[in-house]
Structures are given as C-alpha cells and as structure tokens.
Amino acid sequence: MLSFANDYSEGAHEKILQKLIDTNMESLPGYGSDRYCDLAKEKIREACRCEDADIHFLTGGTQTNQIVIDSMLAKYEGVIAATTGHVNVHEAGAIEYTGHKVLELPHTDGKLAAAEIGHYMESFYGDVNHEHMVFPGMVYITHPTEYGTLYTKRELSDISAVCTKYHVPLYLDGARLGYGLAGENTDVTLPDIAEYCDVFYIGGTKVGALCGEAVVFTKRNTPAHFMTLIKQHGALLAKGRLLGIQFDTLFTDDLYLENGRNAIRMAGLLRNAFEEKGYTFYLKTPTNQIFIVLENARMRELQDKVIFDFWEKYDENHTVVRFATSWATSEEDVKKLISLL
C-alpha cells in the first residue's frame with residue numbers, strides 16, 4: 001500500500017536514529033540543559049543569523065502552540081488567526097482550553113493579509129465598547145499554510161509592520177517550515193522569518209525528526225520563567241537530550257533543508273503527473289501538499305492501493321483530497337503512484 005497521507009508517517013531520518021544510538025549511554029543532565037541542546041541552539045542561531053535568539057525545545061506542535069500563545073497573552077486577550085488556521089480548526093480547542101479566544105479572520109488560500117489584520121485592529125480600537133471585548137493580543141500565521149501556500153517576504157514584512165503598529169507579537173507556526181524554506185520560487189529565508197516574527201517554531205516532527213519543535217524568540221521577548229510555564233502545561237521533557245540531539249543533527253550539514261528539498265522534488269514530479277493526466281487541482285501550491293478534486297468513484301478506486309487524505313467535500317459527486325510528500329518519500333513510490341493515476 002502506497003502512503004501519501006501526510007509528512008510524518010515514517011519514523012525519523014536515519015542520521016537522527018544513528019546519533020541517538022551513538023549517544024544512548026552518555027550520562028547527561030536533564031530538562032534541556034545538556035550539551036546537545038546547547039549545540040543545537042547555537043546552530044539554529046547561526047542559521048537564523050540571530051545571535052540573541054532564545055530557543056526552547058518542545059515535543060509537539062499542539063503543545064508548542066498552546067504554550068507560546070498562552071504565555072504571551074494577557075488573560076483578556078485572544079489570538080488572531082485565519083479561519084483555516086491550525087489553532088482554529090485542528091487542535092481540539094487547545095487554545096480556548098487555556099482561556100484565550102481564537103479571533104477568526106478571512107483568508108486567501110490559507111493566508112492572512114496585512115490589510116485585513118489592520119482593518120480588524122482599527123475597527124476594534126474604534127469601537128467605544130472595546131473594553132467589553134476580547135482584545136487582539138497576537139497574530140498567528142502558518143508557513144506553509146494549511147493549504148501548502150507560502151507567504152512572500154513582502155507579505156511577512158507588511159504583516160509585521162501592522163503588528164508593530166499595534167504592539168502585538170507576530171507568531172509563525174513552522175510545523176512544516178522545512179518544506180516552506182525549500183518551496184518553489186520562495187523568497188523567504190530563515191533569517192527573514194527571524195527578522196519579521198517575534199516568535200516562531202521550527203518544526204521537526206514533520207520534517208524528519210521522531211518528534212520535537214524548536215521555539216525561537218527573536219526579540220529578547222521570552223516570557224518570564226518560560227521553562228516553568230512549559231512544565232506547568234505538562235510539556236517539559238525530562239530527557240531533553242532526545243530533542244537536542246535531533247535538532248543538532250537536523251542543523252548539521254543542512255540536513256533540515258535537504259529533507260525539505262526531497263519532499264519538494266517528489267511533489268514536483270507528482271504535480272506534473274497530475275497535470276499531464278488532466279486531473280483537476282483544487283488549488284496549486286509550491287510545497288509538499290497537493291490538493292486534487294476527484295470524482296467519488298475514482299477516489300474509491302485509488303483508495304484500494306493508495307493512502308491519501310480526505311480534505312473536504314467539493315460537491316455531491318466530487319471530493320477534495322490531499323496527497324503529501326515528505327522527507328522520506330522515494331522516487332520509486334512516486335513512480336508507482338503515477339502509474340496508478
């Protein structure tokens with residue numbers, strides 16, 4: 001059975017597994033105070049070109065989003081996100097569970113626009129009753145978005161300018177950041193993200209790690225006692241070495257970017273095949289997620305041999321489905337899928 005359901009079905013890159021084996025019997029201090037965490041942080045700072053970056057390793061994306069948002073917001077504040085944003089749709093109310101409302105804004109192919117954010121902020125503070133309302137305390141975006149689309153450098157700059165004007169932090173969810181950085185024709189680099197965002201995270205779980213995300217605070221703005229807050233949320237890993245070793249490996253010899261490039265190369269081959277065979281795209285994306293509109297009978301035929309992801313109903317007779325490539329996708333599997341199309 002071919003699997004193109006998501007980008008975290010496989011375990012981890014073999015270099016990570018080997019490093020974990022090689023370091024397995026080392027006796028190291030806990031909670032992220034080991035030398036591998038320190039090495040990983042230095043490599044990430046260098047990659048971001050941000051010497052002052054404060055970096056913390058967490059186990060997964062939901063924990064990361066909940067803790068970052070909760071720790072940076074006042075009790076009366078909420079977080080602005082696209083209606084399709086991950087924190088709004090696919091995190092089981094984790095943000096609301098901490099007492100913070102997700103403030104939905106319309107999107108274009110998964111992206112928020114600076115003008116839309118600015119209009120929202122202006123309308124909020126222009127309302128004489130805004131003291132009775134949930135204050136917008138943060139802007140949340142994802143790169144790539146839930147639709148696999150990417151912000152441009154100009155778009156990030158414009159959103160950052162609006163956030164600066166209204167004194168709210170810009171937070172970028174980078175669960176699939178490796179695929180965004182390797183995306184076709186992107187002009188956004190890791191140093192750009194560090195410059196325009198107040199905090200972001202580098203996703204490991206979906207880009208070759210067993211688990212783990214690296215939170216990066218870029219403006220000397222880490223919430224006070226952040227490690228304590230991580231523990232309070234039940235997300236502090238005693239064996240922090242497991243995360244440090246993985247990110248140390250990912251940021252050695254450009255492995256993180258190479259993992260991203262593999263997914264993009266494989267997605268390119270698959271995207272071209274869908275196009276040549278006349279399939280209908282729901283939208284075209286430059287990253288590792290491909291959205292296709294399938295006739296329901298054809299979808300059921302493919303499901304007998306290929307695992308892919310349901311996205312949404314298109315109409316009574318058609319469904320939007322997603323095919324995702326990853327750091328682990330082989331050209332052989334892509335060719336097998338193409339033969340079935």
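For reference, positions follow the sequence shown, starting with 1.
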- Given T149 and D109, is the side-chain hydrogen bond (donor to acceptor under 3.5 Å, both in side chains) satisfied, shown in steps? CA-CA 7 Å; T149 53; D109 294 337; over 6 Å; no

- Begin with the C-alpha distance, continue with both residues' side-chain angles, and end with the deciding distance and a verdict on side chain to side chain contact (heavy atoms under 4.5 Å, CB included) for T84 and N88. CA-CA 7 Å; T84 54; N88 189 46; over 6 Å; no

- Please report the C-alpha distance between V199 and V215 in whole Å, then the side-chain angles of each, then the deciding distance to 0.1 Å, and finally whether the side chain to side chain contact (heavy atoms under 4.5 Å, CB included) criterion is met. CA-CA 7 Å; V199 57; V215 180; 3.9 Å; yes

- Please report the C-alpha distance between F310 and V320 in whole Å, then the side-chain angles of each, then the deciding distance to 0.1 Å, and finally whether the side chain to side chain contact (heavy atoms under 4.5 Å, CB included) criterion is met. CA-CA 7 Å; F310 166 86; V320 180; over 6 Å; no

- Item | Residues M1, V306; criterion side chain to side chain contact (heavy atoms under 4.5 Å, CB included); working and verdict | CA-CA 6 Å; M1 195 79 163; V306 185; 5.9 Å; no

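Counted by atom type alone, E91 and N65 present one or more donor-acceptor pairs between their side chains at under 3.5 Å. Under 3.5 Å, the side chains of H233 and Q63 contain no donor-acceptor pair of N or O atoms. For the residue pair E26/Y36, the side-chain donor-acceptor check at 3.5 Å is satisfied. No hydrogens or angles considered: nothing links the side chains of N6 and D309 as a donor-acceptor pair under 3.5 Å. There is no side-chain donor-acceptor pair under 3.5 Å between E213 and T64.
Listed by first and then second residue, the ring pair (Phe, Tyr, Trp, His ring centres under 6.0 Å) pairs involving residues 101-131 are H107-Y147, F124-H130, F124-F135, Y125-H130, H130-F135 (not counting sequence neighbours). Residue pairs meeting the ring pair (Phe, Tyr, Trp, His ring centres under 6.0 Å) criterion with at least one partner in residues 166-207, sequence neighbours excluded, are Y140-Y171.
Under 4.0 Å is where a charged nitrogen must lie from a carboxylate oxygen, and between E77 and K101 no such pair does. Comment: R271 engages E184 in a salt bridge, judged by a side-chain N to carboxylate O separation of less than 4.0 angstrom. Salt bridge status for E258 with R265: present, with a side-chain N to carboxylate O gap under 4.0 Å. Salt bridge R220/D54: absent, no basic N to carboxylate O contact under 4.0 Å.
When all heavy atoms are compared, the tightest approach of L269 to I338 is O-CD1, 4.0 Å. In terms of heavy-atom proximity, I80 sits nearest to P136 at CD1-CB, 3.8 Å. What you find for G208 and N259 is that their closest heavy atoms are CA-ND2, 3.9 Å. The two residues P169 and D198 come nearest to each other via the heavy atoms CA-OD2, 3.3 Å. Here the closest heavy-atom approach between residue A182 and residue L257 is recorded as CB-O, 4.4 Å. Taking all atoms of both residues into account, the shortest heavy-atom contact from T23 to R241 is O-NH2, 2.6 Å.
Note that CD of E155 and CD1 of I159 are 7.0 Å apart. Values are rounded to the nearest 0.5 Å. With rounding to the nearest 0.5 Å, the separation of CG in L237 from CG in L58 is 9.5 Å. Put simply, CD1 on I193 and SG on C48 are 8.0 Å apart, with the number rounded to the nearest 0.5 Å. Distance check: R261 CZ to L255 CG gives 10.5 Å after rounding to the nearest 0.5 Å. Rounding to the nearest 0.5 Å places CG of L177 at 11.0 Å from OG1 of T142. A distance of 9.0 Å separates NE2 of H143 from CG of D192, quoted to the nearest 0.5 Å.
At least one donor-acceptor pair under 3.5 Å links the side chain of D34 to the backbone N or O of C37.
Judged by the 6.0 Å distance and 45° axis criteria, K284 is positioned over the aromatic ring of F281. Annotation: cation-pi geometry satisfied between K111 and Y151 (NZ/CZ under 6.0 angstrom from ring centroid, within 45° of ring axis).
Hydrophobic clustering, with ILVMFWY side chains joined whenever heavy atoms are under 4.5 angstrom apart, keeps L17 apart from Y8. Grouping the Ile, Leu, Val, Met, Phe, Trp and Tyr side chains by contacts below 4.5 angstrom, directly or via other members, places V168 with L172. Both L340 and F4 are assigned to one and the same hydrophobic cluster, defined by single-linkage of ILVMFWY side chains at heavy-atom distances under 4.5 Å. When hydrophobic clusters are built by joining Ile, Leu, Val, Met, Phe, Trp and Tyr residues whose side-chain heavy atoms come closer than 4.5 Å, directly or via intermediates, L210 is grouped together with L39. Hydrophobic clustering (ILVMFWY, side-chain heavy atoms < 4.5 Å, transitive): V321 and Y282 are in distinct clusters.
Heavy atoms from other residues, nucleotides or ligands lying under 6.0 Å from NZ of K277 number more than 12. Residue Y314 qualifies as open at atom OH: its count of foreign heavy atoms under 6.0 Å is 12 or below. K43 NZ: more than 12 foreign heavy atoms inside a 6.0 Å radius. Surrounding CG of D304 are more than 12 heavy atoms belonging to other residues, nucleotides or ligands, all under 6.0 Å away. For E312, the CD atom is densely surrounded, since the number of other residues' heavy atoms within 6.0 Å is greater than 12. Other residues, nucleotides and ligands contribute only 12 or fewer heavy atoms inside 6.0 Å of the CD atom of E46. By the 6.0 Å contact criterion, CG on D315 is enclosed, its count of non-hydrogen atoms from other residues, nucleotides or ligands being greater than 12. Residue-environment remark: NZ (K41) exceeds the threshold of 12 foreign heavy atoms within 6.0 Å.
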Report, one line per pair, each donor and acceptor closer than 3.5 Å where one atom sits in a side chain of residues 325-335; sequence neighbours left out.
unit_1 : atom_1 : unit_2 : atom_2 : d
T325   : OG1    : A263   : O      : 2.8
S326   : OG     : A328   : N      : 3.0
T329   : OG1    : S326   : N      : 2.8
S330   : OG     : D333   : N      : 3.1

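Just one of F247, Y31, F226 meets the ring-ring contact (aromatic ring centres under 6.0 Å, His included) condition when paired with H56; it is F226.
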